[in-house]
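One structure is given below, encoded as structure tokens.
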Amino acid sequence: MDKKKIAIEKITIEKIIFWVLLAVYTGVMLYLFVMQCYEVSGYRSDMPDYVNEVRGIKGDYEFPYPLFFTLAKGIALIAGAPLGVAAATALLNACAVCAARYYMGIQVREGLDIGTWSAGKRRALELTVTGMVFVLFLLGNLYSPKNTAFFGFDYAYRCMGIYTPNPIWNATYLAVRPFTIICFFEAAKLLKSYQEEFSWKGCIPYALSLFLVTITKPAYTMVLVPLMGGVLLADLVKSRGRSFKNAFCVCVTMIPTGLDLLYQFFGVFTGTNVKGEETGIGFAFAKVWSNYSKNIPLSIVMGMALVLGVMVLNWKTVKEKFIYRFAIYNYLVGMGMFLCLYEKGFRMLHANFSWGYMHGMFFLFMMALVLVLQNSIEWRKSWKAIFLPAEWGVLLFHLVCGVNFLWYALQGNDLAGF
């Protein structure tokens with residue numbers, strides 16, 4: 001068999017396996033969304049509110065985020081509102097898997113001398129990356145058995161209060177994730193290169209994905225925009241003003257997003273809500289989070305156990321590569337906003353500022369899996385390989401918790417009682 005045929009076979013096998021796994025995963029998620037949208041007994045969620053929005057029925061909430069609902073309305077013309085919402089959520093969630101596969105593949109291959117590898121070894125790497133991507137979308141936070149304290153920690157729910165990189169109970173979070181993944185990596189790429197060489201064409205993936213994030217669910221936008229401003233300002237100080245022109249051009253690309261954010265703010269956070277309560281954004285430390293966790297530091301550890309260990313053990317790599325530091329910045333800004341901000345009115349306890357925090361969790365988990373995989377491949381190069389069994393063990397714990405949570409949801413249980 002010549003090299004060309006081997007290459008074609010390699011690509012075909014990898015694609016077939018990926019698409020089969022994606023079809024299975026998407027089918028499982030679609031089943032969950034359909035049950036929720038049709039309000040089958042036990043399947044409680046926010047989906048009925050989204051279905052009413054697609055039907056044009058005014059509810060208690062404002063949804064000035066047109067992309068997800070426009071897609072759902074288009075599908076609803078053929079399949080009806082419930083199936084339209086379910087299918088739109090499943091489709092966008094599947095797109096997130098594809099985006100993660102693309103960018104994780106790039107990150108894992110970076111620094112590996114795969115040009116000297118055999119075709120079989122390269123194929124094994126690509127298949128392993130595919131497996132890790134699906135693991136990423138199934139991970140959950142750590143928790144103890146129900147009604148059992150964790151190190152004496154009594155929390156309200158086994159997800160609410162600890163939080164998870166995969167909040168499967170929120171369709172709009174799942175719908176926006178393909179755009180947040182693209183936006184995260186394109187923003188990091190832009191920040192790494194804009195000072196040396198600015199290109200309007202090079203800004204398009206970042207600017208477009210940021211706008212798509214904003215018109216789908218702006219939680220990540222509210223994290224990324226101030227973070228971008230902070231990094232640009234820091235670079236401006238370090239360069240003694242030399243980066244001003246290029247930084248200004250980067251800011252120009254965010255004008256459409258800024259205008260849409262203003263439109264959403266005045267539509268959601270001004271005036272009064274349906275109950276006549278004052279709306280807006282309030283400032284208070286841990287006002288919302290403390291309602292769901294009496295030990296926030298332990299909640300953070302339970303949510304981020306794998307990440308904390310991997311980042312500490314690979315701190316040299318984290319310091320050297322901007323993409324890892326950028327993931328940490330995203331997480332810290334999201335955490336800071338969740339700790340300090342809350343939504344006034346009856347929606348305060350909905351913890352809507354937690355979505356940015358969970359986006360930060362997702363990106364850190366993604367980069368942690370990249371490090372675990374690279375370290376496993378190159379285990380002979382460092383004495384830190386002795387920690388790999390522990391890393392894989394904690395990863396398995398996160399995976400078991402996440403799959404258990406998904407299985408609980410698929411059985412038709414109220415997730416608030418998990």
Side-chain angles (χ1 to χ4, degrees), residues 22 25-40 42-76 79-100 137-140 157 159-160 163-181 212-221 264 268 343 347 350-359 361-362 402 405-416 418:
L22 182 63
Y25 169 74
T26 302
V28 170
M29 299 305 293
L30 179 61
Y31 171 81
L32 175 62
F33 302 147
V34 167
M35 295 296 103
Q36 293 172 340
C37 287
Y38 281 100
E39 301 184 65
V40 176
Y43 291 86
R44 293 183 59 188
S45 72
D46 293 335
M47 286 296 208
D49 294 312
Y50 305 150
V51 172
N52 285 339
E53 179 73 13
V54 169
R55 286 171 170 160
I57 301 173
K58 188 68 175 177
D60 293 342
Y61 312 114
E62 298 290 339
F63 299 116
Y65 322 128
L67 192 149
F68 169 64
F69 292 103
T70 299
L71 176 60
K73 288 176 182 178
I75 300 174
L83 191 55
V85 172
T89 307
L91 176 61
L92 290 169
N93 190 51
C95 289
V97 177
C98 296
F137 280 81
L138 293 172
L139 292 175
Y157 307 121
C159 281
M160 195 70 168
Y163 300 98
T164 169
N166 291 299
I168 59 172
W169 64 85
N170 188 265
T172 50
Y173 174 94
L174 302 180
V176 75
R177 199 155 46 175
F179 310 122
T180 61
I181 292 170
L212 291 173
V213 168
T214 309
I215 64 173
T216 307
K217 185 184 181 82
Y220 181 58
T221 305
Q264 293 180 14
V268 176
E343 188 173 354
R347 298 193 68 180
H350 291 187
N352 285 323
F353 281 98
S354 67
W355 303 121
Y357 174 66
M358 285 185 272
H359 280 299
M361 294 179 72
F362 181 83
F405 180 56
L406 177 59
W407 178 244
Y408 182 88
L410 290 168
Q411 290 178 301
N413 295 299
D414 180 8
L415 297 184
F418 179 69

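Positions are given from 1 along the sequence.
- For the pair V85 and F69, the minimum side-chain heavy-atom distance is 4.5 Å or more.
- Between L32 and L406 there is a side-chain heavy-atom pair separated by less than 4.5 Å.
- Here the CD atom belonging to E39 is positioned 11.5 Å from the CE atom belonging to M47, to the nearest 0.5 angstrom.
- Contact annotation: the side chain of L410 never approaches that of M35 to less than 4.5 Å [non-hydrogen atoms, C-beta and beyond].
- Across every non-hydrogen atom of T164 and G140, the tightest pair is OG1-CA, 3.6 Å.
- Y65 and T216 make their closest contact through CB-O, 3.2 Å (heavy atoms, listed as atom of the first residue, atom of the second, distance).
- Considering all non-hydrogen atoms of both residues, F68 and A88 come closest at CE1-CB, 3.9 Å.
- In terms of heavy-atom proximity, V176 sits nearest to K217 at CG2-O, 3.6 Å.
- What you find for V54 and A72 is that their closest heavy atoms are CG2-CB, 3.8 Å.
- A donor-acceptor contact shorter than 3.5 Å links the side chain of N413 to the backbone of Y408.
- Note that the CD1 atom of I168 and the OG1 atom of T89 stand 12.5 Å from one another [nearest 0.5 Å].
- Residues H359 and Y173 come closest through the heavy atom pair CE1-CE1, 3.4 Å.
- For the pair F179/L92, a side-chain contact is recorded, criterion being any heavy-atom separation below 4.5 Å from C-beta on.
- Taken to the nearest 0.5 Å, the CH2 atom of W407 stands 13.5 Å off from the CG atom of L138.
- Between R177 and N166, some side-chain heavy-atom pair lies under the 4.5 Å cut-off.
- Note that CG of L139 is 10.0 Å distant from CE of M361, once rounded to the nearest 0.5 Å.
- The CG atom of L212 sits 10.0 Å away from atom OG1 of T221, with the distance rounded to the nearest 0.5 Å.
- In this model, a donor atom of one side chain and an acceptor atom of the other lie less than 3.5 Å apart for T172 and N170.
- In this structure, the separation between CG on N93 and CE on M29 is 5.5 Å, given to the nearest 0.5 Å.
- The six-membered or imidazole ring of F137 lies near that of F362, with a centre-to-centre distance under 6.0 Å.
- Between D46 and W169 there is no side-chain heavy-atom pair separated by less than 4.5 Å.
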